[in-house]
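Proteins come first, then strands; the chains are lettered A, B, ... in the order of their sequence lines, and each starts at number 1.
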Number of protein chains: 2
Amino acid sequence: MYAADADAGVDADTRDRSGERPMTNEERSDATRTRILDAAIARFTFEGYDATSVADVCHAAGVSKGAFYHHFDTKQEVFVALLEPWLAELDAAVTEVLAREESAPRRLIHLATLVNRVTAEGRGRIPMFLEFWRQAAKDPSVWHVTVEPYRRFRASFVRLVNEGVDEGSLRPVDPDLTALVLVSLGVGLVLQGALDPECAARGDLGERAIALLLDGISSGGTP
Amino acid sequence: MYAADADAGVDADTRDRSGERPMTNEERSDATRTRILDAAIARFTFEGYDATSVADVCHAAGVSKGAFYHHFDTKQEVFVALLEPWLAELDAAVTEVLAREESAPRRLIHLATLVNRVTAEGRGRIPMFLEFWRQAAKDPSVWHVTVEPYRRFRASFVRLVNEGVDEGSLRPVDPDLTALVLVSLGVGLVLQGALDPECAARGDLGERAIALLLDGISSGGTP
DNA sequence: GCGTACATACCGACCGGTCGGTTTAATTTA
DNA sequence: TAAATTAAACCGACCGGTCGGTATGTACGC
């Protein structure tokens, strides 16, 4: 979603790169904001939130501290702003999966591996994922941003399990419990990847793990 | 393992509480060290590693900074020293479970809920758990302390699954994969608890979740 | 008296955030 | 259209405070 680093050209000047036309205020603003976000996510990812100073971000973004605080009230606001597109991305992926014309178990597999996909993309996002969890567990305002998408995520699992039970492709299991298991498994797999490189290397492992689980609660032949 | 707080008597004087006998140097040393560790784990748990200053710890322990740095070279060394008994606790619990005279699936349930038990005890340990994971993912020295016990933990799952398959109480599943699933599930459940208070409130949820999973891969009647 | 165990005062670095001032775009006026 | 005015975007020095860590001095077991 965001570029890796913004150390490149410090040419966020008043003219855009094509040539002579002065940038509008809005363009200028957007550009700066983006540079800050780009730099911030790179730093937060690889150094952690606390270890990243605002000055660091500003330097990497080629932007002054004044500009930074012109766009964001606090450092944490940047973090939240970073979270939002991420959660949106997950949300979009979820609705896409839900809409597929596949059996419930198959869609459940895809759903459960989404966390892994969205998170592990590019390998660098895992620390950011941890960071996010920590902040959410600690800071109420971050938690609040998080909790709604999370509930939706869980809910879509419940819905799919219900569907599966109804259409008979799943044994009559407790939907809430099963949803919890699937979400936990997805999240847990990400953490395993963070701790154990061998685990992270095997990308399809998550899919196989979840398939194993689903196979257990499926009724009859391979779904 | 450690007391909640050490704010109580600042009587780590040169005489022990019973009366008149002067404390040995070793006794004095041990006592101070313990107070520091007690205070540190309380702070790390409820405030987080970064948010806890060495001065905080010293104050809570009723100890000077000089004493602190006499016993530990760095702040992180305290963190690692805190990790060790925790991991030892987990290790001990694991061997205890392994030695039980129960069916493999039952022991697997206990094993998988161990993370939850050891971690969630008193509710406050979850942030500490997250903290530990972050540090491990970031800092090689912390990771190193972590990795061995972790491997043992995983290995005991594999062993149990193998046992279960051999004795016929489990379907012939892939042991490595199944172990990964169980560990991930355990870890994931802890994270769920950190994010969702409702989830954390229901203490038995973890057990039920894992039972559900195991039921899926069990062969025949309730194990 | 000699070394270990601690206490205190202190250091330099750095932190998130502020503020007065400058540059640039947008708008009004003539 | 060009000058004058306003408003938004941005700059960077600076603030009070905190941080992890150190240097020096003292008290007590041995």
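Take B:Asp30 and apply the salt bridge (Lys or Arg N to Asp or Glu O under 4.0 Å) test, not counting sequence neighbours, and it matches no residue.
Separating the CZ atom of B:Arg33 from the C1' atom of C:dT4 is a distance of 16 Å, rounded to the nearest angstrom. Spacing between atom CZ of A:Phe68 and atom P of D:dA8 amounts to 21 Å, rounded to whole angstrom units. Going from atom CD of B:Glu77 over to atom C1' of D:dG20 covers 14 Å, rounded to whole Å. In this structure, B:Arg43 places its CZ atom 11 Å from P of D:dC19, rounding to the nearest Å. In this structure, the CG atom of B:Asp56 is 10 Å from the P atom of D:dT18, given to the nearest Å. The distance from atom CG of A:Asp30 to atom P of D:dC10 is 10 Å, rounded to the nearest whole Å. Rounded to whole Å, the distance from NE2 on B:His59 to P on C:dC6 is 19 Å. When rounded to the nearest whole Å, the span between CD1 of A:Ile36 and C1' of D:dA9 equals 11 Å.
Using a 4.0 Å cut-off, no side-chain N or O of A:Ser53 falls inside it from OP1 or OP2 of C:dC14. In terms of phosphate contacts, B:His70 brings no side-chain nitrogen or oxygen within less than 4.0 Å of OP1 or OP2 of C:dA7. For D:dG21, the OP1/OP2 oxygens have no side-chain nitrogen or oxygen of B:Thr74 closer than 4.0 Å. For C:dA5, the OP1/OP2 oxygens have a side-chain nitrogen or oxygen of B:Ser29 closer than 4.0 Å.
A donor-acceptor contact shorter than 3.5 Å is absent between the side chain of A:Tyr150 and the backbone of A:Trp143.
In this structure, B:Arg100 places its CZ atom where more than 12 heavy-atom neighbours from other residues, nucleotides or ligands lie under 6.0 Å away. Counted within 6.0 Å of CZ on B:Arg152, heavy atoms from surrounding residues, nucleotides or ligands total more than 12; the atom is thus considered enclosed.
Checked by distance alone, A:Lys75 brings no side-chain donor or acceptor within 3.5 Å of a matching partner on the base of C:dG17.
Minimum atom distance to the side chain of B:Tyr69 is reached by D:dG21, of the listed D:dC10, D:dG21, C:dC6. Proximity note for A:Arg28 (side chain, C-beta onward) versus C:dT24, C:dA5, C:dA26: the nearest is C:dT24.
Residue order along DNA chain C, read from the 5' end via each residue's closest nucleotide, puts B:Lys65 first among B:Lys65 and A:Thr52.
A salt bridge links A:Asp174 with B:Arg208: the closest approach of a Lys/Arg side-chain nitrogen to an acidic carboxylate oxygen falls below 4.0 angstrom.
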